[in-house]
Q: 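After the structure tokens below, expect a handful of questions from me.
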Amino acid sequence: MKFFIISGMSGSGKSRAMATLEDLGYYCVDNIPVALIPSFAEICLAAAGGQYERVALAVDIRAGKDISNLMPVFDRLAELGCEYKVIYLDTATPTLINRYKATRRKHPLMVDGVTMVDAIEKERELLVNVRQRADFVVDTTRFEVAQLRETIISLATGGASRGLLHVNVVSFGFKYGIPADADLVFDVRFLPNPYYEISLREKTGQDPQVSKYVFCDGTADRYLDRLYALLDFLIPHYTKEGKAVLTIAIGCTGGRHRSVAIAEAVKKHLLQHNVLAAATHRDSLKG
């Protein structure tokens, strides 16, 4: 039996994740009371004919104070022999605020006198143990709907939907912090910096002129030859090991020029070698 528990921040995409699993034929239960999870798992395990062969439960802060009992529930599932996986969806606070503004909904922890920011940070604090226990942590801050769907499919099928590892290539600025979900981190701050060219400063690494500048002296090409060789070696081993999602983070100072150009080149290389890859530029539009 495949048994997934979906948790994470309110507004991080759990409903869409559950909808994706439902499309894959999972029996999905949203906002199930924490105390009922072991009993529900027993029913699924005992069901004849594989009636509940694929199950997904969503558990989050809507459970209230009972969310603190989720750790013992995980232990009980293991005692029952239920092989479960926890997917935790995380999102940066500013993005969550914007999503709530767009939907005009109230955060579950907002009561009189509590701001949106306070409610979100309180939720993050209450869910810290769940995040630490998760088998997969997915940062949906920059995700489009299609990318979240593809990621959930990849996690649920072990990449079997396409037989390939899904690689997220994320460009970022070191001054804004390394992406929390990064598996591999590469620093390209040694490359020529377009920031010092006034005509290029406001452009991003996706602009051909910026990319040409980054690659102007041949250093980037020599660097990429070595990086490609490393990735070509690693990715088959990650795939063999059963890893569904690999996040490659490429950073420069501000995340606008060099890291973006290199991330785009890495994505192109992976796609040319039949690796399912997408590029996200986390900080490219920041000041």
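Not measured: the values here are computed from a predicted model.
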Q: For Asp181 and Thr247, which heavy atoms make the closest approach, and how far apart are they?
A: O-CB, 3.4 Å

Q: Under 6.0 Å between ring centres, would you say that holds for Tyr213 and Phe215?
A: no

Q: Do the charged groups of Arg133 and Asp75 touch, with an N to O distance under 4.0 Å?
A: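 A salt bridge is present here (some side-chain N lies under 4.0 Å from a carboxylate O).
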
Q: Would you sort out whether Gln206 and His281 count as a side-chain contact (heavy atoms from CB on, under 4.5 Å), showing the intermediate values?
A: CA-CA 10 Å; Gln206 291 178 287; His281 306 300; 3.7 Å; yes

Q: Side-chain heavy atoms under 4.5 Å apart, restricted to Ile/Leu/Val/Met/Phe/Trp/Tyr: what other residues fall into the cluster of Tyr195, or is it alone?
A: Tyr196

Q: Working to the nearest 0.5 angstrom, can you tell me the gap between Phe143 CZ and Leu89 CG?
A: 9.0 Å

Q: Are the side chains of Thr93 and Glu121 in touch, meaning some heavy atoms are under 4.5 Å apart?
A: yes

Q: Are any non-hydrogen side-chain atoms of Pro33 and Asp66 less than 4.5 angstrom apart?
A: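 Side chain of Pro33 against side chain of Asp66, heavy atoms only: no contact under 4.5 Å found.
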
Q: Only counting residues at least two apart or in another chain, list the ones meeting side-chain hydrogen bond (donor to acceptor under 3.5 Å, both in side chains) with Gln272.
A: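 Gln272: no side-chain hydrogen bond (donor to acceptor under 3.5 Å, both in side chains) contacts found.
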
Q: Got a second to check how far Glu123's CD is from Leu126's CG, nearest 0.5 Å?
A: 8.0 Å

Q: Answer yes or no: is there an ion pair linking Asp225 with Arg222, defined by an N-O contact shorter than 4.0 Å?
A: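 No, this pair does not count.
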
Q: Kindly work out whether a path of hydrophobic side-chain contacts (I/L/V/M/F/W/Y, heavy atoms less than 4.5 Å apart) joins Tyr228 to Val185.
A: no

Q: Any non-hydrogen side-chain atom of Ile250 less than 4.5 Å from a side-chain atom of Val266?
A: yes

Q: Whether the Thr91 and Thr140 side chains hold a donor-acceptor pair (N or O, under 3.5 Å, no angle test) is what I'd like checked.
A: yes

Q: State, without any angle test, whether His269 and Asp232 hold a side-chain donor-acceptor pair at a distance under 3.5 Å.
A: yes

Q: Is it the case that Thr253 and Arg258 place a side-chain donor and acceptor less than 3.5 Å from each other?
A: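 Yes, because at least one side-chain N or O of Thr253 sits under 3.5 Å from a partner of the opposite role on Arg258.
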
Q: Taking it one step at a time, do Glu264 and Ser211 satisfy side-chain hydrogen bond (donor to acceptor under 3.5 Å, both in side chains)?
A: CA-CA 9 Å; Glu264 286 292 328; Ser211 182; over 6 Å; no

Q: In the structure I gave you, are the side-chain heavy atoms of Ile120 and Thr115 within less than 4.5 Å of one another anywhere?
A: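 Result no, sub-4.5 Å side-chain heavy-atom pair not found.
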
Q: Over all heavy atoms of both residues, which pair between Leu80 and Leu45 is shortest? Give the atoms and the distance, please.
A: O-CD1, 3.9 Å

Q: Distance to the ring centre below 6.0 angstrom and angle to the axis at most 45 degrees; does that hold for Arg54 and Tyr26?
A: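 Geometry flag: set, cation within 6.0 Å and 45°.
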
Q: Would Asp90 and Arg131 pass as an ion pair if we require N to O under 4.0 Å?
A: yes

Q: Supply the atom-to-atom distance Leu191 CG to Ile262 CD1, rounded to the nearest 0.5 angstrom.
A: 5.5 Å

Q: Ignoring hydrogens and angles, state whether a donor on the side chain of Asn168 or His166 is under 3.5 Å from an acceptor on the partner side chain.
A: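 Their side chains do contain a donor-acceptor pair, which is all the 3.5 Å distance test asks for.
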
Q: Identify, with sequence neighbours excluded, every residue that meets side-chain hydrogen bond (donor to acceptor under 3.5 Å, both in side chains) alongside Gln209.
A: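 Result, side-chain hydrogen bond (donor to acceptor under 3.5 Å, both in side chains) vs Gln209: none returned.
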
Q: Is Ile32 close to Phe40 at the side-chain level, that is, under 4.5 Å between some pair of heavy atoms?
A: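 Yes, at least one pair of side-chain atoms sits under 4.5 Å.
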
Q: Given Tyr88, which partner from the list Ile6, Leu127, Val138, Asp135 fulfils the side-chain contact (heavy atoms from CB on, under 4.5 Å) test?
A: Leu127

Q: Does anything in residues 91-132 form a ring pair (Phe, Tyr, Trp, His ring centres under 6.0 Å)? List the pairs, not counting sequence neighbours.
A: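 The answer is Tyr100-His107.
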
Q: Decide yes or no for Tyr27 and Glu53: does some side-chain heavy atom of the first lie under 4.5 Å from some side-chain heavy atom of the second?
A: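 No - every pair of side-chain heavy atoms lies 4.5 Å or more apart.
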
Q: Could you state the interatomic distance from CG (Leu109) to CE (Met116), rounded to the nearest 0.5 Å?
A: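 The distance works out to 11.0 Å.
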
Q: For the residue pair Phe190 and Tyr223, categorise the inter-ring angle as parallel (less than 30°), tilted (30 to 60°) or perpendicular (more than 60°).
A: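 Rings of Phe190 and Tyr223: perpendicular, over 60°.
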
Q: With distance as the sole criterion, is a donor-acceptor pair present between the side chains of Thr95 and Asn98 under 3.5 Å?
A: no

Q: Locate the shortest heavy-atom distance separating Pro38 from Leu77; write the atom from each residue and the value.
A: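 That would be CA-CD2, 4.2 Å.
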
Q: Between Gly255 and Ser171, what is the shortest heavy-atom contact and its length?
A: O-OG, 4.4 Å

Q: Is it true that the NZ or CZ of Arg189 lies under 6.0 Å from the centre of Phe174's six-membered ring and within 45 degrees of the ring axis?
A: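 The answer is yes, since Arg189 meets both limits relative to Phe174.
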
Q: Does anything in residues 10-35 form a salt bridge (Lys or Arg N to Asp or Glu O under 4.0 Å)? List the pairs, not counting sequence neighbours.
A: Lys14-Asp60, Asp23-Arg149, Asp30-Arg62

Q: So, do Arg256 and Glu202 sit near enough that their side-chain heavy atoms are less than 4.5 Å apart?
A: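 They are in contact (side-chain heavy atoms under 4.5 Å apart), so the answer is yes.
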
Q: SG of Cys44 to CG of Leu57: how many Å apart, nearest 0.5 Å?
A: 7.5 Å

Q: Would you say the side chain of Lys203 lies within less than 4.5 Å of the side chain of Pro194, judging by non-hydrogen atoms?
A: no

Q: Any chance you could measure Leu246, atom CG, to Leu234, atom CG, to the nearest 0.5 Å?
A: 8.0 Å

Q: Can you get from Val170 to Ile235 by hopping between Ile, Leu, Val, Met, Phe, Trp and Tyr side chains that sit under 4.5 Å apart?
A: no

Q: Run the ring-ring contact (aromatic ring centres under 6.0 Å, His included) test against Phe3 and tell me which residues pass, sequence neighbours left out.
A: none

